[in-house]
Amino acid sequence: MPESLVAHALSLVPSSGGERKVLALTGPPAAGKSTLARYLVHQVEQELGAGVAGYLPMDGFHLSNAQLERLGRRDRKGAPDTFDANGYTALLRRLTVETDHPVFVPDYDRALHEPVAARHVVLPHTRLVVTEGNYLASEEEPWASARGLYAELWYVEVPDADREHRLVRRQLRGGADVEAARAWVERSDRPNGELVKAVREHCDRVVAGGRVPRGWWRQLHRGG
């Protein structure tokens, strides 16, 4: 399964420099989108060279905790209106046309619980950008407009019970106790996931999450 996905991602890479395509991955929280996206970027670079693929996580456009407090939405962090969706779409458009200079890309830091500017970079010779996020198949604007910029949109899927187990563990790693972790999943992650599942049919293909080879991330950091 991972090999076929890598082969398909490679088939999307434009053959000539100066061209760039976007592969988008969506799915409910904890489906494995970011893991698969980073794996695909790594494998494309292994095959075609460093910097040929780049990474754009939608989570880099989380509103800061200060803005969520101002809006009274801190307890629903992760809902569609708690992202700078216009900012995400604007950067996506930039990446499709600005190929003569580096473009810096934000990320989300789960230790800080905040977005972090310029953690990633898309280089001038990058020909495939892999982006991922919960709402990339949404019918709401501006997410819907962004869909026209994707070469393909994949839906990453795992059983709900597995996802919710991962989500509870994520909250525990972030410092919550068991009761608070489960309450957060029920209050925020579960309804957010139902919104994403409702637009599954808008995607070009459905792929199984959690299928990347074990240990590939450690291999990456060893330089292998």
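Values reported hereafter were calculated over all heavy atoms of this structure, with side chains retained and with hydrogens, waters and symmetry mates removed. Note that the numbering runs from 1 along the sequence shown for the chain.
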Completion exercise
Those residues at least two apart in sequence (or on a different chain) that pass side-chain contact (heavy atoms from CB on, under 4.5 Å) with Glu69 are Arg74
Practice task
List in chain and number order the residues that pass side-chain contact (heavy atoms from CB on, under 4.5 Å) with Arg166, two or more places apart in sequence or in another chain; answer none if no residue qualifies.
Solution key: Ala30, Val158, Arg169
Practice task
Evaluate the side-chain proximity of Leu25 to Leu23: yes if any heavy-atom separation is below 4.5 Å, no if none is.
Solution key: yes
Exercise for the section: On the 0 to 90° scale, with breaks at 30° and 60°, tag the Trp143-Phe83 ring pair as parallel, tilted or perpendicular. Expected result: perpendicular
Problem - Reported CD-to-CG distance for the pair Glu152 and Leu12, which is rounded to 0.5 angstrom - result: 5.0 Å
Practice task
Any chance you could measure His125, atom NE2, to Arg20, atom CZ, to the nearest 0.5 Å?
Solution key: 9.5 Å
Problem - Donor-acceptor side-chain pairing of Ser16 and Glu19 below 3.5 angstrom - result: yes
Handout entry: Reported CZ-to-CG distance for the pair Arg187 and Asn192, which is rounded to 0.5 angstrom
Key = 11.0 Å
Problem - Any Asp84 side-chain heavy atom under 4.5 Å of Pro115 side chain - result: no
Exercise for the section: Give a yes or no on whether Glu201 atom CD has more than 12 heavy-atom contacts from other residues, nucleotides or ligands under 6.0 Å away. Expected result: yes
Exercise for the section: Identify whether Val199 and Leu136 are in the same connected component of the hydrophobic contact network (ILVMFWY, side-chain heavy atoms under 4.5 Å). Expected result: no
Problem - Student check: side-chain heavy atoms of Asn134 and Pro29 closer than 4.5 Å - result: yes
Handout entry: Partner set under salt bridge (charged side-chain N to carboxylate O under 4.0 Å, His left out) for Asp160, not counting sequence neighbours
Key = Arg163, Lys197
Handout entry: Contacts of type side chain to side chain donor-acceptor pair (under 3.5 Å), residue Glu140, not counting sequence neighbours
Key = none
Handout entry: Close side-chain approach of Leu5 and Leu40, heavy atoms under 4.5 Å
Key = yes
Exercise for the section: Output all residues satisfying salt bridge (charged side-chain N to carboxylate O under 4.0 Å, His left out) with Glu98, sequence neighbours left out; order by chain, then residue number. Expected result: Arg94
Completion exercise
Sorted by chain and number, sequence neighbours left out, side chain to side chain donor-acceptor pair (under 3.5 Å) with Glu139 holds for none
Problem - Side chain to side chain, Pro57 and Arg38, heavy atoms closer than 4.5 Å - result: no
Exercise for the section: Check step by step if side chain to side chain contact (heavy atoms under 4.5 Å, CB included) holds for His113 and Tyr108. Expected result: CA-CA 7 Å; His113 304 291; Tyr108 186 78; 3.7 Å; yes
Handout entry: Asp59 side, atom CG; Tyr88 side, atom OH - distance, nearest 0.5 Å
Key = 10.5 Å
Problem - Side-chain cluster (under 4.5 Å, hydrophobic types only) that Val178 belongs to, other residues - result: Leu167, Val168, Leu172, Val185
Problem - Path from Leu149 to Leu95 over hydrophobic side-chain contacts below 4.5 Å - result: yes
Handout entry: Sole candidate of Arg119, His120, His42, Glu132 that passes side chain to side chain donor-acceptor pair (under 3.5 Å) when paired with Tyr55
Key = Glu132
Fill in the blank from the handout: So the ring-ring contact (aromatic ring centres under 6.0 Å, His included) pairs with at least one residue in residues 4-35 (sequence neighbours excluded) are His8-Trp154
Exercise for the section: Would you mind reporting whether Cys203 and Leu153 have side-chain heavy atoms less than 4.5 Å apart? Expected result: yes
Completion exercise
Hits for side chain to side chain donor-acceptor pair (under 3.5 Å) against Arg190, two or more places apart or cross-chain, chain-then-number order -> Glu164
Handout entry: Hydrophobic cluster membership, Leu68 vs Met58, 4.5 Å side-chain cutoff
Key = no
Problem - ring-ring contact (aromatic ring centres under 6.0 Å, His included) contacts in which one or both residues fall within residues 161-207, not counting sequence neighbours - result: none
Practice task
Check side chain to side chain donor-acceptor pair (under 3.5 Å) between Glu186 and all other residues, then give those that pass, not counting sequence neighbours.
Solution key: none
Problem - Sub-4.5 Å side-chain heavy-atom contact between Leu10 and Val44 - result: yes
Problem - Glu3 side, atom CD; Gln43 side, atom CD - distance, nearest 0.5 Å - result: 8.5 Å
Practice task
Please answer: with hydrophobic residues joined when any side-chain heavy atoms are less than 4.5 Å apart, are Val105 and Leu63 in the same cluster?
Solution key: no
Handout entry: Co-members of Leu123 in a cluster of I, L, V, M, F, W and Y side chains, linked at under 4.5 Å
Key = Phe104, Val121
Handout entry: Separation between CG of Asp81 and CZ of Arg76, rounded to the nearest 0.5 Å
Key = 8.0 Å
